[in-house]
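Only one structure is covered here, and it is reproduced in the block below.
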There are 2 protein chains.
Amino acid sequence: MTLTQLRYLVAISDAGLNITQAAEHVHATQPGLSKQLKQLEDELGFQLFARKGKSLANVTPAGQQVIDRARIILAEARNIRAIAANLRGDHQGELAITTTHTQARFVLPAAIAELKRLYPAIGVHLKPHGDAQVMGLFERGEADLAIISTTGAAPGDGVAVPLFRWRRVVVVPRGHALAGLQRPLRIEDLVGQPLVSYESSLRPESSLRRTFEEAGAVPNFACTSRDADLIKTYVRAGLGVGIFAEMALAEEDARDLKALEAGSLFPECTTWLVLRRDRVLRAYAAALAGLIAPQLDPRDLQRALNGEEPAAWPQPPYWRELPNAGFLPAALVA
Amino acid sequence: MTLTQLRYLVAISDAGLNITQAAEHVHATQPGLSKQLKQLEDELGFQLFARKGKSLANVTPAGQQVIDRARIILAEARNIRAIAANLRGDHQGELAITTTHTQARFVLPAAIAELKRLYPAIGVHLKPHGDAQVMGLFERGEADLAIISTTGAAPGDGVAVPLFRWRRVVVVPRGHALAGLQRPLRIEDLVGQPLVSYESSLRPESSLRRTFEEAGAVPNFACTSRDADLIKTYVRAGLGVGIFAEMALAEEDARDLKALEAGSLFPECTTWLVLRRDRVLRAYAAALAGLIAPQLDPRDLQRALNGEEPAAWPQPPYWRELPNAGFLPAALVA
DNA sequence: CAAGGTTACGTGGAGCGTAAGGATC
DNA sequence: GATCCTTACGCTCCACGTAACCTTG
């Protein structure tokens, strides 16, 4: 058993049991992989893949167990190389981030642009997904870090670091009946109104839905989407009242949209950076946290990953207090 | 980076940074290890060990991280080989068990003898320790399984499987004042009496101590030990009243000792088999569980380790109900 | 000088790629 | 015949052991 054999094995599994395709992925020849696979099977004494004629038909049950173990081994080997790269100050590599559309579209651009300026040699891969899927992808190991929001406790697995807090805004087209409201918005104002908001608000445990239920009402969604840009578009089209993250408001939205004074109508949200405990953090990944939320010291992240949980993370600032990114454009409220 | 290099690295670390000694452990030559270590350090780009002159003085901080990761890799490589060995029906290997003296001396002999009859090619290594240390050793990875008792919840880490339940017995020399007691023992009978019991009873959270405290008293220990044989010896010598596990009573003790009717004076204990989640169970290790406690199906253990936690383990029988081992010799009570 | 580590050298084996040889659809 | 896996062959490189050398108590 060698690391090469295990790498080939996982590559074959990931290529859908196509050895030829797997060989391209690992920059080797197909006979090379075939032979190493055979050797591994000979050493272990059983078939990792069920053959149908000469091609691979299935992973055997024991083969799947071996592949799972092999993934751990390869991940730890990558970790060792990451430790080495960090120590050498070798700042090249990849950074895969799962997050929601809102974060990817409105929060991350400034931070990632700055990150690329500091570390030109890295490749950043954004994987925007629905609220419900982000952590799943992350836990399946398809990303180095997740950036996700909750109204309350930190998300499940991994080390969660609070980046900033934010509120939802309620947005209507200029000229909408609610646009002229001379007092802070109340929940009753929204009952019965067609709403345009995030897809995740449809879930029964969503905090928006709960807010309505506490007032004895049920929200009436005209249209939902994961994409705040789309939500704004439908609000402009007059489909209803938009409710989405304040980060998604831009200066130019003031032309035709108005953000209503919603105060603490909906519970406050926290955006978290989530790291995998089993993955060594590259220096540039830790730097990203500091670029989004300057109150964080990247070294604290490294310490947290080593299990030395700091007693408590600093209370994260509000989005609009953040220097390089956050503001609720004054023109929108006026 | 190769598996061999990582094996050598860990061997050097385990040999106390003595390459020559490490080489013997891995059945290779010292120059071989020296060279592989150098190659690994060259590839990673930093020193894993701090050199003092030509000999290794210290592990560098990053080196320690690499060693920790390497241990995981090697453990998973062993797991893969274990999967293969199980599947091949290749029943040779080692089985390291951490447990307490009482289990090792009175519970395990019959089961392990039977195990060796079924699997003659295995090597069993018992590591008896104090109650407090067993789980520590186990969690440090120094054993494949732990066998440990608690009065209540399952012990911390790993998958815990209840084997059997048991009670403490109160034992006095024949001729002792309490030996003639014509009614069930009460806690007041023991208050003030010099006691001989397990070392772990000294701990403030011990269930024996708590039982006394609930009666408003404090136990008076004349002598403690981890070793039930020693406790019996000191009871015979007249140092006090013995309190220990019923498993430690043997037929021949009836000659000079008497077990008092203690009923449910002290809380019931459960003996658990604890498995590491991150370690593949060899077939013979699973078999051991069934040999101690026949109500267990070894296949359920495998399933539990795979994370398919069975809703609940069967309520374990009492020790004295177990077929091949448990009985409270009648002569002792009479 | 004893203990422990490094460097040098020759050998055997193993991994790789190229090329040819079956299966299966 | 197209696709995909296996077998065969030759080259290259690398891991290993032996032996000689160096360093430090």
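Rounded to whole Å, atom P of C/dT7 lies 11 Å from atom CD1 of B/Ile19. Straight-line distance from the NZ atom of A/Lys38 to the P atom of D/dA8: 10 Å, rounded to whole Å. In this structure, the CG atom of B/Leu3 is 12 Å from the P atom of C/dG15, given to the nearest Å. Nucleotide D/dC5 holds its P atom 11 Å from the CD atom of A/Glu24, rounded to whole Å. Rounded to whole Å, the distance from CG on A/Leu56 to C1' on C/dA23 is 13 Å. Atom pair B/Met1:CE and D/dA15:C1' shows a separation of 18 Å (rounding to whole Å applied). In this structure, A/Leu37 atom CG and D/dC4 atom P are separated by 17 Å, rounded to whole Å. The nearest whole Å value for the distance from the CD atom in B/Gln5 to the C1' atom in D/dA15 is 10 Å.
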Output a table of nitrogen or oxygen pairs between the protein and nucleotides 9-11 of chain C separated by less than 3.5 Å.
none

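Where A/Leu33 and B/Asn18 meet DNA chain C, the nucleotide closest to each residue was compared, and B/Asn18 sits on the side nearer the 5' end.
By the neighbour-count criterion of 12 heavy atoms within 6.0 Å, atom NZ of B/Lys38 is sparsely surrounded, having that number or fewer from other residues, nucleotides or ligands.
Between the B/Arg88 side chain and the A/Leu44 main chain, a donor and an acceptor come within less than 3.5 Å of each other. A donor-acceptor pair under 3.5 Å links the side-chain atoms of B/Arg276 to the main chain of B/Glu139, judged by distance alone. Formation of a donor-acceptor pair under 3.5 Å by the A/Thr60 side chain with backbone atoms of A/Gln47 is found in this model. Proximity of a side-chain donor or acceptor of B/Tyr8 to a complementary backbone N or O of B/Ser34 within less than 3.5 Å is not detected.
Phosphate contact (OP1/OP2 of D/dA15, side-chain N/O of B/Gln39, threshold under 4.0 Å): present. Put simply, A/Ser55 has no side-chain N or O that comes within less than 4.0 Å of OP1 or OP2 on D/dC4. Between C/dC16 and A/Gln36, a contact under 4.0 Å exists linking OP1 or OP2 to a side-chain N or O. Between B/Ser34 and the phosphate of C/dT7, there is no side-chain N or O to OP1/OP2 separation shorter than 4.0 Å. Side-chain N/O atoms of A/Arg51 include one lying less than 4.0 angstrom from OP1 or OP2 on D/dT6.
Between D/dC5, D/dC16, C/dG4, one nucleotide has an atom nearer to the side chain of B/Thr20 than all others, and that is C/dG4.
Contact annotation for B/Phe49: no contact, since no heavy-atom pair falls under 4.0 Å across all strands. Using a 4.0 Å heavy-atom distance criterion, B/Leu17 is classed as a sugar-phosphate-only contact. Within 4.0 Å of B/Thr2, counting heavy atoms only, lies no atom of the nucleic acid at all.
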Kindly indicate, with the supporting measurements, whether the criterion side-chain hydrogen bond (donor to acceptor under 3.5 Å, both in side chains) is fulfilled by B/Asn79 and B/Arg279. CA-CA 6 Å; B/Asn79 279 337; B/Arg279 199 171 286 197; 5.7 Å; no

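Between B/Asp300 and B/Val161, every side-chain heavy-atom pair lies at or beyond the 4.5 Å cut-off.
For A/Phe49, the ring-ring contact (aromatic ring centres under 6.0 Å, His included) test picks out no residue, with sequence neighbours left out.
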What does nucleotides 19-25 of chain D look like as a protein-contact string, B for base, S for sugar-phosphate only, - for none, at under 4.0 angstrom between heavy atoms? B---SS-

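A salt bridge between A/Arg71 and A/Asp14 is present, with a side-chain N of the basic residue lying under 4.0 Å from a carboxylate O of the acidic one.
Considering B/Thr102, B/Thr224, B/Asp131 in turn, B/Thr102 is the only one that fulfils the side-chain hydrogen bond (donor to acceptor under 3.5 Å, both in side chains) rule with B/Tyr198.
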